[in-house]
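A quick note: this is a predicted structure, and the numbers were derived from the prediction, not measured. To find a chain, count down the sequence lines: A is the first, B the second, and so on, and within it residues start at 1.
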Amino acid sequence: MSSDNGPGDGGAEGPPPEQLALIRESVRGADVPRAKPRTWRGAALAKDRPVARVLVDKGVLHLDRYFDYAVPEELDADAQPGVRVRVRFGAGRHRVRDGRREGGGLIDGYLIERRDESDYSGPLAALAQVVSPEPVLGEELLGLARAVADRYAGSLADVLQLAVPPRSARAEKRASPEPLPAPPAPDAGTWARYEHGPAFLAALASGAAPRAVWNALPGPEWSEEIARAVAATLASGRGALVVVPDGRTAARVDAGLTGLLGKGHHALLTADAGPEKRYAQWLAVRRGSVRAVVGTRAAMFAPVRDLGLVAIWDDGDDSHSEQHAPQPHARDVLLLRASLDKCAFLVGGWSCTVEAAQLVESGWARPLTAGRDQVRRTAPLVRTVGDTDLARDEAARAARLPSLAWQAVREGLKTGPVLVQVPRRGYVPRLACAQCRAPARCAHCAGPLQAQDAGALRCEWCGREEHSWHCPECGGFRLRAQVVGARRTAEELGRAFPAVPVRTSGREHVLDTVPDAPALVVSTPGAEPVAEGGYAAALLLDGWAMLGRPDLRSGEDALRRWIGAAALVRPQGDGGTVVVVAEPTLRPVQALVRWDPVGFAVRELAERAELGFPPVSRMAAVSGTPEAVAEFLAAVESPPDAEVLGPVPLPPTLPGRPRRPGAPPPGEQWERALIRVPPGSGSALAAALKTAQAARMARGSGEPVRVRIDPPDIG
DNA sequence: AGCACGCCGACT
DNA sequence: GTCGGCGTGCTC
């Protein structure tokens, strides 16, 4: 991206077009002279630059290739770079009618560029239609889409489908408002609580491009702090983009911005708005009449003008991972934007992901953290209840809840609402050491172990059987499956306090806020309502369920969810208390007690580096029928340092159940292989996978293979 | 993916 | 000669 005259700009390869035509004719035999391009003769063409380079929007077939079309004179004015066009495409029934060549069906595309001549030797078809003169695909967005496609071994057309919303003629007709003048730079506000907070804001306001990993203090101030960062960027005359996990969170940042700057400076891009409104907002951004954007993951591509800052909140939330091909992650897309546009970058959250820690460790970003005294002032008191406590506690066994937890709830309800976090249904219980609860992992590749029907253990990654498992942490040799059933506990809890209202927040009904009055608020992770004066206490139940998941991220995820709930609780000084039912010796539990998510992420990063896990290594998942996967693996020219794990059978998709990306269609038996490469070989691997996939597609050889880079959910 | 092209054997 | 089988390769 730093090269002066980037690769692949087409100029350097092969002989000029006239020569190509000659070569082709001599091969075919001079006695069959090729007709002159009929469209060039038959219809009047644009006088200036009569060739349009078009990206045909047809999935994955013609990976990242452009096709040239002739520009008829009547489309000359509208056929500008970036507009949507319709063209005939396909080898279908070519006819010549009225001197025009027709064939194939009409399909959509984007006009990439106007040129003097084509390097294609055959006759060019004419553009059929300019759908609208609105230039939706600018140079920067195209560059970003191409970088994302390369990074994820996907096609440009797939990425553009994510990046450019469908057209609405009515939205295009509406005039976008005049842009407001840049606001004045805000004061530091609560950023003053962070060591380099005011300096970070000042750098944004001065037009610089600082990059930071921000560990936010608990409490509600974060949304206003993001708003200040945006305002500082606007003050420098540049635009800003903020990506958050869900609509609720977007609404909070929106409120923060409105409070600081009023309306008109920013747009809210979320799925809740209908397609037409959404496109209108997107256009207002693209046209430059709105300089700042807050939105959910689709907003990661928002065409903000003169981008000065990209920011992402809570990057560990899995809704930052796009569900459609090629499944880019918002954090990675924003990282690409920061490098391509040389703008500032901010990743923030109450917790800290391993990926964010890596940005600091590698020196790419600076930490933006508060001192320990600030943390102590804002965080609640965290207490733990482990197995040994439970065993000693008779009352606990009867009621399934330890007395420390009862006590915290009872005390809390005297002064305000109490939050009870229960795990979501539907997680798969997996195997862990019966003694210390460390997840059972393969001795060879450290993948998760699963019990087979016969009772033997098998690795889900490399397929090896494990016959002599013992726990590397404590030496134990007995396994246990993780347990379920916290919702019942919450119900019992509700019955135990009959005078207090019980409110629930979960997937179906997500509460936004609860009033500052005694109430039991039962919620699944991520759906916790904000309590207006902060919760008096929180109870985090069934830590085992969270820690027992076989995911690489189970520890990180559990900590993130606990901290996400605990950050809504009043500071320790105001009596705020959190009780977590989990073994106090476990690392995520200790990190919660000490309120040290960054230290946890840094240690986790070191461990993953040692085990060869992402994000230190890059992984790709290849899934399909056994034959298809085997064929594909044989065809990929992976970098020499690549290591193939598996393939192993994937669990079948049950009929009627939603199908996750990379999972087999119902009724089919698929396998999955993992390919991992050390740092530095990631782009080579992506390129090799893309080439192999393209070759496979072109051959049209039978069954599909799904390729996924950095899948977020590997064992 | 479609869809034409082309090279081969069996037919009016 | 000419019809039509399907294997191969292209789509501006």
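The OH-P distance, from A/Y110 to C/dC12, rounds to 20 Å in whole Å. Rounded to a whole Å, the CZ atom of A/R88 is 13 Å from the P atom of B/dC3. C/dT11 atom P lies 8 Å from atom CZ of A/F89, rounded to whole Å. Distance A/I107 CD1 to B/dA1 P: 15 Å, rounded to the nearest Å. Note: CG (A/L124) to C1' (C/dT11) measures 13 Å, nearest angstrom. Between the CZ atom of A/R65 and the C1' atom of C/dT11 there is a distance of 8 Å, given to the nearest Å. Atom-to-atom, CD1 of A/I112 to C1' of C/dC12 comes out at 14 Å; the value is rounded to the nearest Å. Here C/dC12 presents its C1' atom at 14 Å from CG of A/L45, a figure rounded to the nearest Å.
Between the side-chain ring of A/F67 and the base of C/dC12, no stacking contact exists by the 5.5 Å and 30° definition.
Here A/R86 pairs with A/D108 in a salt bridge; the nearest charged N to carboxylate O distance falls below 4.0 Å. Remark: A/D119 engages A/R53 in a salt bridge, criterion side-chain N to carboxylate O under 4.0 Å. Checked for salt-bridge contact, A/R297 and A/D317 miss the test: no charged N lies under 4.0 Å from a carboxylate O. Ion pairing of A/E140 with A/R337 is absent here, as no side-chain N (NZ or NE/NH1/NH2) approaches a carboxylate O to less than 4.0 Å.
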